[in-house]
4 protein chains.
Amino acid sequence: MTPSGDTATNPPGTDGELSQRRRTKAPETRAAALMEAAQRLFIDKGIAATSIDDIAAGAQVAKGTFYLYFPSKEALLGALQQRFVDIFCERLQEAMDRQRPGNYHARLKAWVETGLEIYLDNVALHDVVFHEYRPEDRRMRNDNAVIAQLAGLLKQGDGAGFWDVEDATLTAVILFNALHGVADDAVATGQTGASERKRRARALTRFFEQALHPAEDEDDSAD
Amino acid sequence: MTPSGDTATNPPGTDGELSQRRRTKAPETRAAALMEAAQRLFIDKGIAATSIDDIAAGAQVAKGTFYLYFPSKEALLGALQQRFVDIFCERLQEAMDRQRPGNYHARLKAWVETGLEIYLDNVALHDVVFHEYRPEDRRMRNDNAVIAQLAGLLKQGDGAGFWDVEDATLTAVILFNALHGVADDAVATGQTGASERKRRARALTRFFEQALHPAEDEDDSAD
Amino acid sequence: MTPSGDTATNPPGTDGELSQRRRTKAPETRAAALMEAAQRLFIDKGIAATSIDDIAAGAQVAKGTFYLYFPSKEALLGALQQRFVDIFCERLQEAMDRQRPGNYHARLKAWVETGLEIYLDNVALHDVVFHEYRPEDRRMRNDNAVIAQLAGLLKQGDGAGFWDVEDATLTAVILFNALHGVADDAVATGQTGASERKRRARALTRFFEQALHPAEDEDDSAD
Amino acid sequence: MTPSGDTATNPPGTDGELSQRRRTKAPETRAAALMEAAQRLFIDKGIAATSIDDIAAGAQVAKGTFYLYFPSKEALLGALQQRFVDIFCERLQEAMDRQRPGNYHARLKAWVETGLEIYLDNVALHDVVFHEYRPEDRRMRNDNAVIAQLAGLLKQGDGAGFWDVEDATLTAVILFNALHGVADDAVATGQTGASERKRRARALTRFFEQALHPAEDEDDSAD
DNA sequence: AATGAATGAGTATTCATTCAT
DNA sequence: TATGAATGAATACTCATTCAT
């Protein structure tokens, strides 16, 4: 998650020793270090309680340097959001692609399981990045990529006659929020163990499948 | 959504004349006035931008008086949340009770339609009260009443053999979040008109019904 | 210069001992204490180098209290300016009034001498209050009272046929600025001793008198 | 007021082609470019609001380059001041030299008229360069040249028996400040039109002349 | 019960200046 | 000479909360 590689900028070997104090580094390195430090601190202490000072110190740069890479605390939070969503999408896509293209059942199951997994593995990060501080963005603006991705799957399944989906986007919204809510509930009730995750994933998948192809028989054997 | 009945608190005739100028009032009156003022200001200017001074001024009391009724700004927000949920539940219940007890289809439909309706009619209030400022509470702690209410309906329908519901609470969580998400999406995309609401309510109801009793035929005629 | 007298607010005798910590004081007392502290610090360290913290500490109040009495640092500076001008005018008036009403020569001489005196006795304060920080006000806006006062004298002398003054205000502007410049020059060259002041006062008076009634003989003997 | 002659600094042909793209330039060229940029920005945005970055960008050099030519922002301001005074003196001298050497009346009149003219034509620049930011310099340190120049004229007139001037420098101080004040007042009251300038110049000249040779008749006909 | 003067903790941001390259 | 990434000091202002009256 952390890009490194200021190797191109400085002669190899030099950096490790000399760059400690006042040395130009590759912009990506700095920005990434700042983001890492911020993310860690945000999770640990909360956004409001984390000062720019803290972040700069965490990334071992001067305070002013922060503003060389991010115009504001809010902007950095935005970058963190973007990164979260990107990774979320990526991993969902990978999980789905591990299944046969035509196997919509398996793909949806993979989506549910992986989504739940990632979410529960990163609740702290997710909460920090999405629910604190910027209520306006809450309306899924940044989750659109995930919605769009899921809508794509639903459309394909509908086109293939596997599901009966009238409004793919609206259905994706429903599925996404259901998943989100079930995960939240797991966290709220403390039921985040492996077996509980499985139970919730199964319940979601079953619920979705039934809603999506009422005419067909559904079976959930052979996990 | 607006608390009524301040007058009922005090003996008639007393309040109108004497309380005008610096006089002890019934606690409920003061508390309600403060809540009203706060709610209005929170919606108008946002929570963070609303000071205790503003609230006190809005309720026409001195700043110190605020702390006689609420231990903190946060506590007042909590009271506002509670009130929101209570009213939400109440209205959902009324809507469901307007249908025949055994008519689970109609009751669920009423739940969906009314829920969507209330939510969309009160987004500003909802957002202020739930999504700003206190992310920790987000995990539905205050929505439990709504979830429980819906779970009750689902259990009844399941008991009556009308639906097939394995885990009523989890299912309620799914439904509630789906509704929430669809409403949010409506706001986000600006599709909050009457026909749009209907379309979304129908989609939700259909989706839910199918998921709940896959074996049965479902029909959605006669809206 | 410092109004005291919170006696009306608190029972006499009580204040001296108890009011040390957290006690409501008469607003004038607080404001005056703040102004005194600020004036002293401004002169000592300069305006920019004086923080609100410093001022509050100097007046032995909390930082927030400062803002109870002045909306900003700049506003306090304005109050200081006003006070300076008021006192300046007052003392000039007193000095002039010490001479016979009809004795215009003596009155102008008194104006020059006193003006030079006050100015040189308060250069530090004058500089702080007028020349640092707020260039916009430089254009004499606040000195208008002094100008007006002098113009009054000139008009009277003109009316009495003692002087020949075409444009009293413009002439007052000339006289005021000449005085100002001569005082500045005294400071700049370090010639601020009593005899030097006298010499400069005499030069100014002579210059002014000659310019004001060219036809008359002038004599400046017997100071 | 605008420095000319950048081209004269470098051998012809060299500059035009090579200096376009990152090339060492004659120091005067760079310094002048920086001063020009600074002056423009100072007038437009104010000194405090103008950063070294802005100045460097305005002169199309890197930030660090600024410090190759000026040790600090303040030093550059000093250079600007010096230039202002130099030009001021130059133009006053030219104006006086346009009159016959022995015509002291005309020479003083020229000094007043031109001084008022230049001042009013460059208030913005004058204000920026003299009244903002560096109160210490206010005491005429930089105006000494103007004072000295005027004192020279006064001495000559006195020597020629045309005027009666006791202390030429002090008198020059008086005249200079009177002029300054009248100009400021013109700006403050918005009376900067041509006819107003004339009126003020006339009032000043008359006032001065009378003060300088009380015995003589003065006439101000034929402007 | 009601008041409101007093408190004081808490921080994002700018920008002149440096210096390794 | 020229660059521009890095530095870090420095500070006004808000507002939730208290408590003497």
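Reminder, nothing fancy here: chain letters follow the sequence lines and each chain counts from 1.
The listed nucleotides are E:dA1, F:dG8, E:dA16; the one nearest the side chain of A:Lys63 is F:dG8. Here the nucleotide nearest the side chain of B:Tyr67, chosen from E:dA16, E:dT13, F:dA16, is F:dA16.
Atoms CG (C:Leu68) and C1' (F:dC15) sit 12 Å apart, rounded to a whole Å. Counting to the nearest Å, the P atom of E:dT13 and the CG atom of A:Leu76 are 12 Å from each other. Straight-line distance from the CZ atom of D:Phe66 to the P atom of E:dC15: 14 Å, rounded to whole Å.
Side-chain contact between D:Ile47 and D:Lys73 is present, with at least one heavy-atom pair separated by less than 4.5 Å. For the pair B:Val129 and B:Phe42, the minimum side-chain heavy-atom distance is 4.5 Å or more.
The phosphate of F:dA12 has OP1 or OP2 within less than 4.0 Å of a side-chain N or O from C:Lys73. Between A:Tyr69 and the phosphate of F:dA6, there is a side-chain N or O to OP1/OP2 separation shorter than 4.0 Å. In terms of phosphate contacts, B:Thr65 brings a side-chain nitrogen or oxygen within less than 4.0 Å of OP1 or OP2 of E:dT3.
Residues satisfying the side-chain contact (heavy atoms from CB on, under 4.5 Å) criterion with B:Ala56, sequence neighbours excluded, are B:Val61.
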Could you provide the dot-bracket string of DNA chain E, using ( ) for intrastrand pairs, [ ] for crossing pairs and | for bases paired to another strand, with Watson-Crick or G-U pairs below 3.5 Å? .||||||||||||||||||||
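Rounding to the nearest 0.5 angstrom, the gap separating the OH atom in B:Tyr69 from the OG1 atom in B:Thr29 is 8.0 Å.
Place B:Pro71 and C:Ala49 on DNA chain F by their nearest nucleotides, and C:Ala49 ends up nearer the 5' end. The nearest heavy atom of DNA chain F to D:Ala62 and to C:Gly64 marks one nucleotide each, and the one closer to the 5' end goes with D:Ala62.
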